[in-house]
There are 2 protein chains.
Amino acid sequence: MGRKRTKSGKIRLAEVAELAGVSPITASRFFRNPEALSVAKRTRVESAAKELGYVPNLAARALASQRTEVIGVLIPSLTNNVFSDVLRGIYDASEGSRYSIQLSNTRYSILQEEKLLRLFLAQKPAGLIVTGIDQTAESRAMLEAADCPIVQIMEIGPDPVDMMIGFSHYDAARAAIAHLFEQGHRKIGFVGARMDPRVQRRLDGYVSAMKDAGLFDQRLVVTTATPTSVTLGGALFTDLLAREPDIDAVFCANDDLALGVLFECRRREIEVPEQIAIVGFNDLEFMASAVPTLTSVRTNRYEMGKTAATMLINAIEGRRPEQAVLDLGFKVIERQSSSARRADSRPATSAAGAANKMIALPSSHD
Amino acid sequence: MGRKRTKSGKIRLAEVAELAGVSPITASRFFRNPEALSVAKRTRVESAAKELGYVPNLAARALASQRTEVIGVLIPSLTNNVFSDVLRGIYDASEGSRYSIQLSNTRYSILQEEKLLRLFLAQKPAGLIVTGIDQTAESRAMLEAADCPIVQIMEIGPDPVDMMIGFSHYDAARAAIAHLFEQGHRKIGFVGARMDPRVQRRLDGYVSAMKDAGLFDQRLVVTTATPTSVTLGGALFTDLLAREPDIDAVFCANDDLALGVLFECRRREIEVPEQIAIVGFNDLEFMASAVPTLTSVRTNRYEMGKTAATMLINAIEGRRPEQAVLDLGFKVIERQSSSARRADSRPATSAAGAANKMIALPSSHD
DNA sequence: GTCGTTGCTGGTAGCGCTGTCAACGTTCCT
DNA sequence: AGGAACGTTGACAGCGCTACCAGCAACGAC
């Protein structure tokens with residue numbers, strides 16, 4: 001049957017080709033690989049497309065080419081600030097590229113992750129970004145069988161499926177504790193919420209550092225499965241204090257908890273850092289402007305997302321990275337909340353005035 | 001040409017149909033409208049699909065049916081906490097439905113929004129969620145011409161494209177100022193960052209409330225185009241104080257700024273609320289656990305996202321809501337930071353102990 | 001008994017695009 | 001001059017699914 005025009009009046013590639021005086025396939029090539037066309041035809045197709053306001057039909061393209069231009073992203077939480085930074089990086093990197101992001105939330109469940117993975121892979125994504133290194137065996141098998149590039153983000157481990165970008169949470173935690181030791185703190189508590197694998201590894205790092213110093217005591221560790229929040233930080237710290245009233249420092253698995261601990265200290269009129277030092281994790285923006293300013297471990301979340309997406313897109317287009325595993329490291333950002341017990345810690349005039357001393361390390365695996 | 005099997009060995013609908021002993025079209029119907037099949041065939045197709053692990057090819061479906069099962073979402077920022085709550089609601093509502101979310105970031109640019117809208121609409125989304133009511137004329141025209149349901153979120157206004165869900169930022173700001181008046185404050189500053197349309201309307205509400213009371217002074221308003229942050233709150237407050245040292249309250253356009261103001265007060269040893277009251281906007285989680293606890297205007301962001309997506313999905317499936325415009329209102333959550341100047345404000349034992357008095361209002365348009 | 005009517009099923013014909021391969025003209029080498 | 005090599009173009013045949021419409025049986029109303 002002749003089909004000169006769709007009922008909807010939508011512009012198809014054929015219309016563009018006709019106006020440009022070329023065959024549809026040539027017009028098609030213009031959109032996928034303009035360099036393959038002669039300059040004359042290229043400009044003709046280009047102006048024809050612009051004149052008609054042509055927008056390619058992605059469904060048809062996907063069907064015909066047997067692949068999509070979709071990058072699947074699996075993250076465990078939309079609530080957690082950490083992931084919004086990573087996501088922002090991913091979206092920023094995908095912008096301007098031909099790829100679009102398909103986001104799904106595993107809710108910290110590796111079974112849910114497996115289910116979503118199956119769904120994603122059936123649509124032949126151009127690439128995949130998954131969180132962490134703790135997939136189910138089934139997921140792992142699917143990932144390895146997938147014929148698209150894959151990036152694991154948030155942490156690094158010994159056995160990447162394909163590419164990997166992150167840092168060692170274990171080493172980062174050890175560095176934070178080492179910093180507290182240096183400042184003269186000995187009885188250091190650990191406060192953690194929602195013990196996902198990465199928080200667990202931070203705990204492991206804490207435990208090993210404390211054991212190395214002969215200071216570990218299980219009673220110094222307070223954790224819960226509840227999702228993190230500032231309020232929860234206060235509550236967990238309250239528990240910790242009830243149990244061990246004479247601690248001299250608290251290492252918090254994230255910054256929300258640290259802020260909660262700070263507020264709870266203020267409520268109880270405990271001086272920070274004179275009586276208790278506080279160290280957080282992630283270095284969210286507010287840490288630098290709290291009073292006292294709060295020490296934290298800076299992790300390059302935005303950069304992680306952006307680099308992951310960039311690496312992925314490059315790999316999709318055949319440009320594999322020199323190294324498949326990228327350690328983005330971390331920095332302990334020393335601020336007032338963990339100053340030496342001899343304390344130079346009274347309020348500066350402005351947050352901006354407080355210089356940050358940094359300890360930068362690539363995380364070394366072990 | 002006979003094509004018995006795809007090279008990739010992928011299961012197609014035809015395979016399922018064959019195993020079930022029905023025609024492909026009957027199998028197709030099973031996935032879209034199972035009730036249309038006889039019980040016998042329905043169960044046959046169901047078990048065949050399960051046995052083969054069939055997953056439909058969305059691209060083929062979209063091409064053949066001329067529509068997708070994608071809900072487009074346009075938001076201005078991924079950084080802002082406010083939107084992550086909304087997004088969480090949207091994702092939660094879409095989960096379990098057949099629809100997937102396609103997210104794009106307009107970066108607070110209505111031109112970018114227009115461009116993205118054009119892209120989205122060309123793919124015939126099942127529905128669209130857009131932020132706010134300030135589209136370009138061109139965008140507005142495209143939205144009105146679109147043949148899919150549309151929900152505008154974050155605020156309500158007089159002239160919905162289709163559906164609308166939000167609250168009046170203007171009224172919310174007026175309510176916050178009214179609360180400060182009640183508590184005896186008179187010289188109330190306004191601190192705002194990134195003056196997007198919604199923040200602008202909060203400012204308008206502040207201005208009108210102050211003018212009504214004969215207390216407006218342009219010098220009380222400090223704003224900037226810079227994106228919001230806790231640190232920025234401190235900086236803007238510093239500017240405000242330099243200009244008007246004797247203010248007795250600050251209304252912050254969002255909670256990050258409010259926290260920054262609180263820290264700056266602490267740095268300067270200004271007592272809150274005895275010397276200066278603070279009111280934020282959005283009621284993020286940390287507001288209830290700060291010391292002193294911080295008054296804020298609660299907005300139902302998660303609910304907004306969830307309801308918007310639910311309404312949209314219902315509309316896509318032909319179930320239009322009774323009312324197209326939904327006002328989710330707001331609540332002024334009164335906490336210590338804005339207690340009456342006579343002040344009952346010294347630290348409670350715990351944040352949990354601080355009762356919240358609420359003023360709940362649907363926003364009335366004007 | 002005839003004629004709708006309803007409920008279920010299947011055949012046909014694409015949806016808009018691209019993979020493959022063949023064909024063409026041009027250039028460059030020997 | 002002959003031929004290979006390259007760059008550019010087009011014809012054809014689907015990608016996997018669904019819209020559309022026709023067909024058929026079962027049933028009730030007249």
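Below, read A as the first sequence line, B as the second, and so on, with proteins coming before strands; counting in each chain starts at 1.
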Chemist: From CD of B/Glu69 over to C1' of D/dT18, roughly how many Å is that when rounded to an integer?
Modeler: 12 Å
Chemist: Please, which pairs that meet ring-ring contact (aromatic ring centres under 6.0 Å, His included) have at least one residue in residues 121-144 of chain B, sequence neighbours excluded?
Modeler: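 Those involving residues 121-144 of chain B do not exist here.
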Chemist: If you check every side-chain atom of B/Val22, which of D/dC17, C/dC17, C/dG10 has the closest atom?
Modeler: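 The listed nucleotide nearest to B/Val22's side chain is C/dG10.
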Chemist: Tell me the interatomic distance from B/Leu63, atom CG, to C/dG16, atom C1', rounded to whole angstroms.
Modeler: 6 Å
Chemist: Counting only heavy atoms and a strict 4.0 angstrom limit, can you tell me which residues of residues 30-45 of chain B come near DNA chain D?
Modeler: B/Arg32
Chemist: Can you check whether A/Gln66 has a side-chain N or O nearer than 4.0 Å to OP1 or OP2 of C/dC17?
Modeler: no
Chemist: Would you mind reading off the distance between A/Gln123 atom CD and D/dG16 atom P, rounded to a whole angstrom?
Modeler: 12 Å
Chemist: Could you check if a side-chain atom of B/Lys306 sits within less than 4.5 angstrom of a side-chain atom of B/Ile90, using non-hydrogen atoms only?
Modeler: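 Contact flag for B/Lys306/B/Ile90 side chains = no.
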Chemist: How close or far is atom P of D/dC17 from atom CD1 of B/Ile11, stated in whole angstroms?
Modeler: 11 Å
Chemist: Between B/Ser65 and D/dC17, does any side-chain N or O lie under 4.0 Å from OP1 or OP2?
Modeler: no
Chemist: Once salt bridge (charged side-chain N to carboxylate O under 4.0 Å, His left out) is applied, do any residues pair with B/Arg194, and if so which ones, sequence neighbours excluded?
Modeler: none
Chemist: According to ring-ring contact (aromatic ring centres under 6.0 Å, His included), does anything in residues 45-86 of chain B pair up with another residue at least two apart or in another chain? List the pairs.
Modeler: B/Phe31-B/Tyr54
Chemist: Among all residues two or more places apart in sequence or in another chain, which pass the salt bridge (charged side-chain N to carboxylate O under 4.0 Å, His left out) test with A/Asp147?
Modeler: none
Chemist: Before giving the answer on side chain to side chain donor-acceptor pair (under 3.5 Å), spell out for B/Ser97 and B/Ser94 the whole-Å C-alpha distance, their side-chain angles and the decisive distance to 0.1 Å.
Modeler: CA-CA 5 Å; B/Ser97 82; B/Ser94 76; 5.3 Å; no
Chemist: Over how many whole Å does the gap from A/Leu13 atom CG to D/dG10 atom P extend?
Modeler: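 Going from A/Leu13 (CG) to D/dG10 (P), I get 12 Å.
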Chemist: Can you figure out which of D/dC17, C/dT18, C/dG16 approaches the side chain of B/Arg12 most closely?
Modeler: D/dC17
Chemist: Would you tabulate the side-chain donor-acceptor contacts of residues 111-121 of chain A under 3.5 Å, counting partners in other chains and residues two or more places apart, or write 'none'?
Modeler:
from     : atom 1 : to       : atom 2 : distance (Å)
A/Glu114 : OE1    : A/Thr136 : OG1    : 2.7
A/Glu114 : OE2    : A/Arg118 : NH2    : 3.1

Chemist: Measuring to OP1 and OP2 of C/dT9, would you say a side-chain N or O of B/Ser23 lies under 4.0 angstrom away?
Modeler: no
Chemist: Does C/dC17 have its OP1 or OP2 closer than 4.0 Å to a side-chain nitrogen or oxygen of A/Tyr54?
Modeler: yes
Chemist: With A/Glu144, which residues qualify under salt bridge (charged side-chain N to carboxylate O under 4.0 Å, His left out), at least two apart?
Modeler: A/Arg140
Chemist: Taking only the side-chain nitrogens and oxygens of B/Ser28, find out if one of them lies under 4.0 Å from OP1 or OP2 of D/dT18.
Modeler: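 Answer is yes, contact under 4.0 Å.
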Chemist: What is the separation between atom CD on B/Glu18 and atom C1' on C/dG10, rounded to the nearest whole Å?
Modeler: 16 Å
Chemist: Report the nucleotide, chosen from D/dC17, C/dG10, C/dC17, that has the shortest atom-to-atom distance to any side-chain atom of B/Ile25.
Modeler: C/dG10
Chemist: Please table the atom pairs, donor to acceptor, closer than 3.5 Å between any side-chain atom in residues 34-43 of chain B and protein atoms at least two apart or in another chain.
Modeler:
from    : atom 1 : to      : atom 2 : distance (Å)
B/Arg42 : NE     : B/Pro34 : O      : 3.2
B/Arg42 : NH2    : B/Leu37 : O      : 3.2
B/Thr43 : OG1    : B/Val39 : O      : 3.3
B/Thr43 : OG1    : B/Ala40 : O      : 2.8

Chemist: Just the atom pairs and distances: protein N or O near nucleotides 23-26 of chain C's N or O, under 3.5 Å.
Modeler:
none

Chemist: Roughly, in whole Å, what's the span from CG in B/Asn57 to P in C/dG16?
Modeler: 17 Å
Chemist: Within a strict 4.5 Å, meaning less than it, do heavy atoms of the B/Ile153 and B/Val86 side chains meet?
Modeler: yes
Chemist: Ignoring hydrogens and angles, are the base of C/dG19 and the side chain of A/Arg29 linked by a donor-acceptor pair under 3.5 Å?
Modeler: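 Donor-acceptor pair under 3.5 Å: no.
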